[in-house]
There are 2 protein chains.
Amino acid sequence: MEKKISTKQRILDTASNLFYYQGFNNTGINQIIAEADIAIGSLYKHYRSKNDLLYSYLQTEEEKFFTSLNEYLGKASDPKEKLLKLVDFRIRLQEEAQCSGCHFIKINAELGRKDECVNELVLNHKAKQKAYLHEILDELSTSGSQHLETSLLANILFLMIEGAVVSATITGNTNDLKSVKAYIQQLF
Amino acid sequence: MEKKISTKQRILDTASNLFYYQGFNNTGINQIIAEADIAIGSLYKHYRSKNDLLYSYLQTEEEKFFTSLNEYLGKASDPKEKLLKLVDFRIRLQEEAQCSGCHFIKINAELGRKDECVNELVLNHKAKQKAYLHEILDELSTSGSQHLETSLLANILFLMIEGAVVSATITGNTNDLKSVKAYIQQLF
DNA sequence: GTCTATAAGGAGATAGAC
DNA sequence: GTCTATCTCCTTATAGAC
């Protein structure tokens, strides 16, 4: 017994794709309702405004990100392997998305920090990514040699990956993400 | 004899600020002419379209960036000092701009790679930044010990800085750019 | 809950007077 | 070269029928 995807979900899926691939400001309500094949009245019954749709989009992406990441790393136990797989995860995401970048960086670039709700979601997402890296590096420093202060190194690795994802958005390839992998290989 | 800034220049300055601080898609022609205090007819005598204004904006920023950078590094001769000053330069730029990020990364995030002219300007700017870092590292590897393949290290430093500038846009501070400086201090 | 019709305003761009 | 007036289209959002 297959359950039909709800209208509300279909609206969110359509809007999410458009926001991500062509930008929030470049996406009109009319295009969303046309591609979701619904009437405008239906949209505003489910979502108060275009901004409400944006918040739902970002919240969903936040949940999807860490669920998928944990799933992807699931088997790995060695911290170095975890680091490499974490970068692999980002490579896979970008290759699946035609190198369209990070949802949160893009929204921040479009809207700045003015919308408090959006900014909080972006800040929170990035803080969680950084904390995730810090956890992995904690395992590394207790099991092996201590190269650098763990906190600084976690920060630096985070920034490298951020830069490499942005570079993927600009160049359309994942070469720089692969450079990050090569650097991690040499570092530990 | 002070020369008055031309109307054309004033249009470009106004548009550039608006594009940078509130985004390209968030900036309307009406706002540009209002803030530049000119009539719409005048704008279209000087620029064919809003896109034409965008190209001029990016070209000007490209020139300003490397002119200012060379000026800032002018005195430095030691390659390690050059690296640190290069990051200092980015810190200063972000602090002067209330951490509003990189002109080119932001435009790429808003418009993607669809507009060939914009994408070429962004790609070219980033390639020049990377090449600049490579040059400095070449001096380092001939004068001192060779830690890593120069090309990979230049890449990695570039990505770190890119990530730290994006982080400044998100957090509103330059802490991560300062982490990059700390990392460079330890690296060489 | 989904629909159509429409409001109210802003977008980018052009014509033509001065 | 600068101006005003205007065109056409699209924007987000609401009202009210079914």
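Here is how names work: the chains are called A, B, and so on, in the same order as the sequence lines, proteins then strands, and each is numbered from 1.
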### Query
Of all of residues 45-59 of chain A, which get a heavy atom below 4.0 angstrom from DNA chain C, listed by number?
A/Lys45, A/His46
### Query
Side-chain contact, heavy-atom cut-off 4.5 Å: A/Tyr132 with A/Phe158?
no
### Task
May I ask you to check if B/Lys126 and B/Phe104 form a cation-pi contact, with NZ or CZ under 6.0 angstrom from the six-membered ring centre and within 45° of the axis?
no
#### Entry: Within residues 7-27 of chain B: residues closer than 4.0 Å to DNA chain D (heavy atoms)
B/Thr7
### Query
Under 4.5 Å between any side-chain heavy atoms of B/Glu139 and B/Lys82, yes or no?
yes
### Task
Decide if atom CD of B/Glu120 counts as having more than 12 heavy atoms of other residues, nucleotides or ligands within a radius under 6.0 Å.
no
### Task
For the pair B/Tyr57 and B/His103, name the ring-plane relationship: parallel under 30°, tilted 30 to 60°, perpendicular over 60°.
perpendicular
### Summary
A/Glu62 meets the side-chain hydrogen bond (donor to acceptor under 3.5 Å, both in side chains) criterion, sequence neighbours left out, with A/His125, A/Lys128
### Task
Would you confirm whether B/Asp52, through its side chain, and B/Arg48, through its main-chain N or O, come within 3.5 Å as a donor-acceptor pair?
yes
#### Entry: chain B footprint on DNA chain C, 5' to 3' - any atom under 4.0 Å from a heavy atom
C/dA11 to C/dT14
### Message
Between B/Lys8 and B/Asp13, does any side-chain N to carboxylate O distance fall below 4.0 Å?
### Response
no
### Query
How about A/Glu35 and A/Gln31: does a side-chain donor come under 3.5 Å of a side-chain acceptor?
yes
### Message
Under a 4.0 Å threshold between the charged nitrogen and the carboxylate oxygen, would A/Lys64 count as salt-bridged to A/Glu61?
### Response
yes
### Message
Starting from B/Phe24, can I reach A/Leu18 by hopping between I/L/V/M/F/W/Y residues whose side chains sit under 4.5 Å apart?
### Response
yes
### Message
Contact list please: residues 112-120 of chain B against DNA chain D, heavy atoms, distance less than 4.0 Å, in numerical order.
### Response
none
### Query
Do A/Phe188 and A/Tyr183 have their ring centres less than 6.0 Å from each other?
no
### Query
Can a donor-acceptor pair be found between the side chains of B/Asp115 and B/Tyr55 at a distance below 3.5 Å?
yes
Could you pull out the protein-nucleic contacts involving nucleotides 4-10 of chain D (nitrogen or oxygen on both sides, under 3.5 Å)?
none

### Message
For the residue pair B/Thr27 / B/Gln22, report whether a side-chain donor-acceptor contact shorter than 3.5 Å exists.
### Response
yes
### Message
Check this for me, if you would: do B/Arg92 and B/Glu96 make a salt bridge, where the nitrogen-to-carboxylate-oxygen distance has to be below 4.0 angstrom?
### Response
yes
